[in-house]
Each structure stands twice: as C-alpha cells, then as structure tokens.
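This chain uses plain numbering: 1 for the first residue, then up along the sequence. Counting starts at 1 for both ligands and their atoms, following the listed order.
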Amino acid sequence: MNSYINEVDFFKNNNIEEIADTYGTPVYVYNEDIIRDRMRKVSGAITKYPYTANYSVKANTNIHILKLAVSEGINCDAMSVGEIKMLLAAGMPKERIFFVPNNVSEQELQYAIDEDILTSLDSLSQLEMYGKLNKGGRCAVRINPGVGAGHHEKVITAGKKTKFGIAEEDIDKIADIVEKYDLKLVGINQHIGSLFMDPQPYLDAVTNLLRIARRFKNLEFVDFGGGYGIPYHKLDDEKDFPMEDFKKKLEPILDEFVADYGYAPLFKSEPGRFCVAEGSVILGRVHALKSNSGVKYVGTDVGMNVLIRPSMYDSHHDIEVVRDGKTVAREDMETVTVTGNICETGDILAKDRQLPKIQQGDLICVLDTGAYGYSMCYPYNSRPRPAEVMICSDGSIELIRRKETIEDLMKLQINLSCK
Ligand code: LLP
C-alpha cells in the first residue's frame, strides 16, 4: 500500500496542513468511521451464541471515543476507578461496565460495590478482600489459563511469567472463599496478552478456560479477554487479523463446551487495541535534519512523551510524509532514524526506516496510534500533552481534547511558595 491515509481517505475533505496549523503539532487525529467500523467488526466475532465484546478502555479513554462505544452498543471493561468514572461520564450504563482490576485497595473495590459494578478479582487475596466487603455479593474471577501471547514479553499476561490471574492449581481454593462469604460467582475471565495476529494461542487459551469453566456451576458468562492484533506494517501490505477464520475455528470449541455444560453462558471478549488503534494518526512536524556518524536523523516533535510504544516495546508504527498538505509518494527513498525532541537517546520513533526524502518543515503522519497512544503519553521534559481532534462521519472536525498547557502542569504543584 502506498498510502494508508489516502486509501481510507482518513482526513476526508480536510486539509492536513490546515489541521496542523490550527491545532498545532504534535496532534492526535481520530477518524470516527474507522473506530465505529472496528467496534462493529469485533462485536460480530461470535454470532451463534449470546456474545458481547467489551471495549477495554485502557487503550483510549477519551470520553468522545467512549461515547462511540455507548452508541455502538459495545460494552466496556475498566481497570481502575478512573476508567469507571470516565465511562460513567460518557453515559455508559453501569450494567455495561465490567471492572477488571489488579491489586486494588479496599476503597477501590468499595467504590465498585457502591456503584453496583460487576467486578472480577485477580487473586485469592483480592477475592477474600472482596468477600469481606460484599458478603453475599456477585463477582467474577480472573483465571490464568496457562497460555500467553503478545507482541512483547511485557504485554504477555498469562502463562508462568506474569502477575495476572489465579493459577489453575489454586482453583479449588476459589470455592472455599466463595462459600465462606456466600459470594455468587457469576463469571470467569482471562486475558492472555496483547497483539497477536495468529489466533491459535488465543484459541488454545479459550479451550483451556472452557475446560476450567466446567469446574464451576451456573456460570452466567465466560470472558476470553482481548488481544486481537492490527496490521502495524500496513504500508508493507501486512494483512488484517483474520477475524472470519478465527470465528470459524472458535465456533466448534464453543459448540463442544455448550453441549457438555448444558447451556450457553454469555460469551465475552475484551478488545482494546482492535477497536481504536487504526482510527488515529499523529501529525508531527520535522524541525531538524542532521547526520551523526553516518546516521541520518530526522528530528520531529513526536517524542516518546507523545507516543511511548516505540521506545518502550520497540514497536513499529508506519510513517507517511506530508508536504504542502499532500502525502509524498513512497519513491526516492532513503534510510533515516526518526527521533523526537526529548532529552533521551532512546527517544526514537523509527530506527533505520526507509522513507521518502524528508525536508525540514514537512509533516510526518504516524499511523495506528489510537490504542495506547494518548492513554500512555505523559508530560516529560515539561512538555504538555497534545490536543486530540476527531474527523467526524460528516467530514467536520471537532476538538475532543484541548492541548495541555504549562499552567495546567504548574497548577498541581500547590506548594509553589516553598524555598
Ligand atoms: N483485558 C485486560 C484485562 C487487559 O489487561 C488488556 C490489556 C485488554 C483486555 C486489552 O488488550 P488489547 O485488546 O488492547 O490487546 N501498552 C501495550 C498494551 C498493554 C495491554 C494491557 N492490557 C501496548 O502499547 O502494546
């Protein structure tokens, strides 16, 4: 593919240069149609049995994006009280929120209990804490199905090398705690890790979880977790996650379980990245060009503070070059290293990347930044967080978060008078 933004008409009728001028760079630009499309696609992953996809909001909690989830009828899962509050502010009904926290305090659990939000406990000790707080209450538990997958060891959340979930050998102890506090265990969930393009490890984990599910009576739901990948190398024609093939392979596994269990509980998944990643790009400006020891550096304002994934996980994000409002064709290429403006040698957006020859003043358009982009950005080097804008379905542009200011950063430091 020569250009993703042209292929999908990402900016609709808007001039890219004008967006950069109006909102400043760097700026996150979202596309409503793409996000809605992905939410619909993932909601159709199981059609034979009762099923809901829960958008995992840690990927992106902008309230306007959460509102898209509300209007698409997709449920959500939250990892923290903050994420629950964002969802409530977006108008998400409580019964469509599933709280899936890790190592939380009594106060945080109490908040969910008071708000009547169904919670999954991730360890025996948290289950015990929950039982004490909410005797006779409804809850779920997170199981570690023993199989993990993901794009980097830091994001594999099942198997032997992770803090998450209750291990299979501890499952009998769940029943003891449930009985002790008269809890009603209504569901089990898992999440094996983030970003796989081959569905097989996920299917293996589903098989394992359903084997484990047979040990629990009267389950209302079984939740398989998220992790479906998106093609980050789309300019090199990487294919989409094979959703249809996945669906075909998943169905017989569910059939066998339903026949054995006697009925079909509600099946759930927790996709974060899949819903939002491809629905955003970052526009950044090239401010400097230089060569150091034979390496050509392109210096931009898209630092690791704006998008941490490349420096944290060596993640790849495709980059397009934009000049005078138009994409520069991918010909007459050269190898460059694209960096940000942060005081760290690791502040690298793309290392040894083949790009069309770049000029100072060009814009770069960093693709697939909707998931774990803004939600992980931070004001390092006292650089305020960027604005977020949405290209709406009708082609209009809306500012959905203003750029942070230095004053925003300073006002949290209440003790300004100290010497
Ligand atoms: N459910 C649970 C319990 C999770 O912990 C996660 C992600 C998800 C669902 C959604 O996973 P997804 O469908 O988005 O893969 N910052 C990393 C990803 C960390 C994912 C953490 N948990 C990255 O930028 O690649």
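By the 30° and 60° cut-offs, the orientation of the rings of Y228 relative to F241 is tilted. Ring orientation note: the planes of Y261 and Y263 are tilted relative to one another, at an angle of 30° to 60°.
Closest to atom 16 (N) of ligand 1, if we only count protein heavy atoms, is Y313 OH, 2.7 Å. When only non-hydrogen protein atoms are considered, atom 24 (O) of ligand 1 lies nearest to R309 NE, 2.6 Å.
Under the 6.0 Å cut-off for aromatic ring centres, H191 and F164 do not qualify, their centroids lying 6.0 Å or more apart.
Taking the charged nitrogens against the carboxylate oxygens, K132 and E106 have no contact shorter than 4.0 Å, which rules out a salt bridge. Checked for salt-bridge contact, K48 and D255 meet the test: a charged N lies under 4.0 Å from a carboxylate O. Salt bridge annotation for R323-D362: present, with a cationic side-chain nitrogen under 4.0 angstrom from a carboxylate oxygen. With respect to K326 and E320, no salt bridge is recorded, no charged nitrogen being found less than 4.0 Å from a carboxylate O. In summary, K180 and D176 do not engage in a salt bridge, as defined by a charged side-chain N under 4.0 Å from a carboxylate O. With respect to the salt-bridge test (charged N to carboxylate O, under 4.0 angstrom), the residues D368 and K234 qualify. A salt bridge is defined here as a Lys NZ or Arg NE, NH1 or NH2 lying under 4.0 Å from an Asp or Glu carboxylate O, and D408 with K411 meets this definition.
Nearest to atom 14 (O) of ligand 1 by heavy-atom distance, out of Y372, F274, F196, is Y372. The heavy atom nearest to atom 15 (O) of ligand 1, considering only A59, S194, A78, is found in S194. Distances from atom 25 (O) of ligand 1 to the heavy atoms of M376, K58, M79, H151 show the closest one on H151. Of the options R142, K154, H191, H152, the smallest heavy-atom separation from atom 6 (C) of ligand 1 is shown by H191.
Distances below 4.0 Å separate heavy atoms of V155 from the following atoms of ligand 1: 17 (C), 18 (C), 19 (C). Atoms of ligand 1 lying under 4.0 Å from at least one heavy atom of R273, given by number and element, are 12 (P), 13 (O), 14 (O), 18 (C), 23 (C), 25 (O). Counting the atoms of ligand 1 from 1 in the order shown, those under 4.0 Å from a heavy atom of G226 are 13 (O). For ligand 1, the atoms sitting less than 4.0 Å from at least one non-hydrogen atom of E270 are 1 (N), 2 (C), 3 (C), 8 (C), 9 (C), 10 (C), 13 (O), numbered in the order shown with element in parentheses.
At least one heavy atom of P271 lies less than 4.0 angstrom from ligand 1. Not a single heavy atom of T157 sits closer than 4.0 Å to an atom of ligand 1. At least one heavy atom of G227 lies less than 4.0 angstrom from ligand 1.
The N/O atoms of G272, backbone and side chain alike, include one that comes under 3.5 Å of an N/O atom in ligand 1.
In F164, neither the side chain nor the backbone holds a heavy atom less than 4.0 Å from any atom of ligand 1.
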